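Right, one structure below, let's go through it.
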Amino acid sequence: MVSIADLKRISSYEWEIPVSYRADMRVPVRIFASETLLKDVTRDKSLEQAVNVCALPGLVGSVKVMPDMHQGYGFPIGGVAATRYPEGVISPGGIGYDINCGVRLLGSRISYQEGKSYLEELATALNQFCPSGVGIGGHHRLTSRDVEDVCRKGSRWAKENGFATDQDLRRTEDGGQLQGADPRFLSPRALKRGMGQVGSLGAGNHFIEIDLVSKVFDQKAARAMGLYEGDLALQIHCGSRGLGHQVCSDYVKSLQSAVIKYGIELPDRELVCAPMDSPEGEAYLAAMACAANYAFANRQVLSHYAREAFESVLAGRVKDWHLHLVYDVAHNIGKIETHQIDGNSMEVCVHRKGATRAFGPGLEELPSEYKKIGQPVLVPGSMGTSSWVLRGTSEAMARSFGSSCHGAGRVMSRTQAKKTIRGEDLLKALKKDGITIRAGSMAGLAEEAPAAYKDVDEVVETVTRAGITAKVAQLKPLVVIKG
DNA sequence: ATGTTC
């Protein structure tokens with residue numbers, strides 16, 4: 001086990017595991033964590049996993065881990081690894097099973113005072129309009145050919161079918177459409193699983209939430225995002241459902257032979273990978289982009305349903321029920337990006353697994369309204385706790401490949417949470433705090449109990465003190481829809 | 001996360 005004594009202190013919020021720690025490390029690990037969070041981190045295998053990642057061919061800089069890190073499949077969740085494009089490797093485990101799991105935030109000009117008496121009705125309507133739960137699909141059944149179209153076009157498919165505006169696309173990471181998506185690299189099973197699930201929430205930590213913008217920390221940035229203290233906002237957290245899961249399963253299996261073929265030595269089989277310039281690596285990249293686009297379209301269609309739900313309850317009752325998209329971010333994805341490495345401009349594949357892109361001011365990829373302030377970084381808390389709106393910084397570009405944290409981060413496994421917490425008790429406690437819940441399953445609710453997660457405020461404090469993101473606004477939950 | 005063990 002990596003212990004705190006093995007770490008070199010860079011600052012109060014940044015630590016290093018040097019390459020000398022283990023013979024197979026090609027680069028060091030950089031950990032963003034406060035001293036308090038470091039204690040959580042050393043309780044699971046996330047740092048061993050980060051050390052394992054350091055053995056991958058083609059890595060540049062260092063492997064980063066965010067303060068919300070916890071153990072995952074091969075890579076730790078909360079990990080960021082950049083490999084030289086195209087000769088470096090890409091690893092499905094560095095992206096995760098839920099490809100392009102992500103968050104979007106929609107703002108409103110509905111004040112809490114104006115909206116509070118409708119929250120119960122809104123909870124019911126959201127729950128009806130936005131299907132959720134394990135194995136539950138959306139309102140539409142698509143043909144296999146339609147799914148291919150969704151995979152190629154992402155949010156653009158949603159726009160062509162009346163589920164999106166131009167502004168929605170502009171305010172989605174990559175415009176909601178990753179280049180290089182090619183459905184020929186999807187298995188028939190992946191396509192089949194995608195047929196019924198566009199516009200569905202899923203289960204686990206996925207949710208739709210009505211929040212109160214409780215505190216604004218950066219007036220200028222909040223104004224640019226259309227967020228005002230005292231108003232309601234809506235968050236959607238979900239991903240690529242069964243299709244993305246199938247893509248990851250398929251390629252974890254098929255890339256095993258690439259590891260042997262290219263003679264890649266790995267400290268852990270779960271780090272299975274392939275060079276991006278190999279046929280195997282190219283196939284995974286094309287399939288991953290498909291799943292990423294499916295997830296963008298999924299969140300966009302859900303936004304459309306949420307807007308319909310708001311309209312059904314609020315039309316004629318409040319003066320403006322409109323929900324505008326603030327931003328949509330991916331936090332499980334691999335991206336080909338240009339970064340400055342030791343003073344040289346370099347094309348790399350940034351694996352972000354449970355880490356959010358946090359591009360700072362001036363980046364060409366950002367919509368004009370966010371170019372001066374940096375991109376919105378959306379950090380949902382655990383159920384019943386705060387969520388945060390942050391913004392990317394130049395420091396993030398220099399120190400974390402333009403990345404920051406993605407949430408609170410688990411401290412308790414799902415099974416452990418189910419053993420120690422009763423969903424019914426949790427429901428009562430949340431109700432007492434004035435939070436309205438619509439949950440599909442009590443066992444599922446228990447898995448997502450706040451006690452199973454770290455303190456999101458401490459996580460956010462760490463990334464802001466470390467300088468890789470800055471606070472814009474804090475959100476407090478009012479209504480939570482869970483599968 | 002996931003048709004929660006093809």
Side-chain angles (χ1 to χ4, degrees), chain A residues 44 46 49 68-79 91-103 131-138 141-142 144 147 186-208 236-254 256 270 287-288 290-292 294-296 298-299 302 329-334 351-356 380 382-383 406-410 412-419 423 439-449 452-453 481-483:
Chain A
D44 71 10
S46 45
Q49 291 188 322
D68 50 338
M69 78 187 89
H70 56 105
Q71 203 174 311
Y73 181 85
F75 284 59
I77 291 154
S91 174
I95 285 151
Y97 271 84
D98 189 2
I99 295 167
N100 189 7
C101 184
V103 191
S132 65
V134 179
I136 301 294
R141 175 100 193 150
L142 303 183
S144 178
V147 176
L186 298 175
S187 66
R189 190 187 276 190
L191 279 171
K192 192 169 179 215
R193 290 181 73 173
M195 285 162 66
Q197 294 187 322
V198 173
S200 67
L201 188 64
N205 63 4
H206 292 167
F207 65 79
I208 295 180
I236 299 175
H237 178 208
C238 67
S240 51
R241 308 289 332 272
L243 183 141
H245 193 273
Q246 193 62 49
V247 167
C248 187
S249 308
D250 289 342
Y251 282 88
V252 158
K253 205 175 290 171
S254 69
Q256 297 287 357
E270 293 184 355
M288 182 209 65
C290 286
Y294 188 93
F296 281 133
N298 189 28
R299 288 195 289 274
L302 279 168
V329 300
H331 55 224
N332 274 7
I333 202 160
H351 297 68
R352 294 192 182 92
K353 183 188 194 179
T356 309
S382 53
M383 194 172 27
H406 87 305
R410 277 192 173 277
M412 217 186 267
S413 71
R414 290 177 186 280
T415 30
Q416 199 184 346
K418 264 190 287 203
K419 245 184 272 174
S441 114
M442 282 303 126
L445 203 65
E447 288 182 5
E448 295 305 317
Y453 284 86
I481 314 293
K482 301 223 34 120

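Remember, predicted model here, so these are calculated numbers, not experimental data. In what follows, chains are A, B, ... by sequence order, proteins preceding strands, each numbered from 1.
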Return the set of residues passing salt bridge (charged side-chain N to carboxylate O under 4.0 Å, His left out) with Arg241(A) (not counting sequence neighbours), or none when no residue passes. none

DNA chain B: 5'-proximal contact among Leu243(A) and Arg189(A) (nearest heavy atom): Leu243(A)

Between C1' on dT4(B) and CD1 on Ile136(A), what's the gap in Å once rounded to a whole number? 14 Å

Tell me: CG of Asn100(A) to C1' of dT2(B), nearest whole Å? 16 Å

Grab the OH-P distance between Tyr97(A) and dT2(B) for me, whole Å please. 13 Å

Less than 6.0 angstrom separating the ring centers of His406(A) and His237(A), yes or no? no

What contact category does Gly204(A) fall into here, base, sugar-phosphate, or nothing, at under 4.0 angstrom with non-hydrogen atoms? sugar-phosphate

Apply side-chain contact (heavy atoms from CB on, under 4.5 Å) to Ser132(A) and list each qualifying residue two or more places apart in sequence or on a separate chain. Asn127(A), Leu201(A)

Just do the salt bridge (Lys or Arg N to Asp or Glu O under 4.0 Å) check on Glu448(A) and Lys418(A) with the steps written out, would you? CA-CA 9 Å; Glu448(A) 295 305 317; Lys418(A) 264 190 287 203; over 6 Å; no

Expressed in angstrom and rounded to an integer, what is the separation of Lys192(A) atom NZ from dC6(B) atom P? 14 Å

Have a look at Glu448(A) and say if it touches a base, only the backbone sugar-phosphate, or nothing, with a 4.0 Å heavy-atom cut-off. sugar-phosphate

Quickly work out the Arg414(A) CZ to dT5(B) P distance and round it to whole Å. 12 Å

If you assign Gln246(A) and Lys253(A) each to the DNA chain B nucleotide with the nearest heavy atom, which residue ends up on the more 5' nucleotide? Gln246(A)

Whole-Å distance, Leu445(A) CG to dT4(B) C1', equals 17 Å

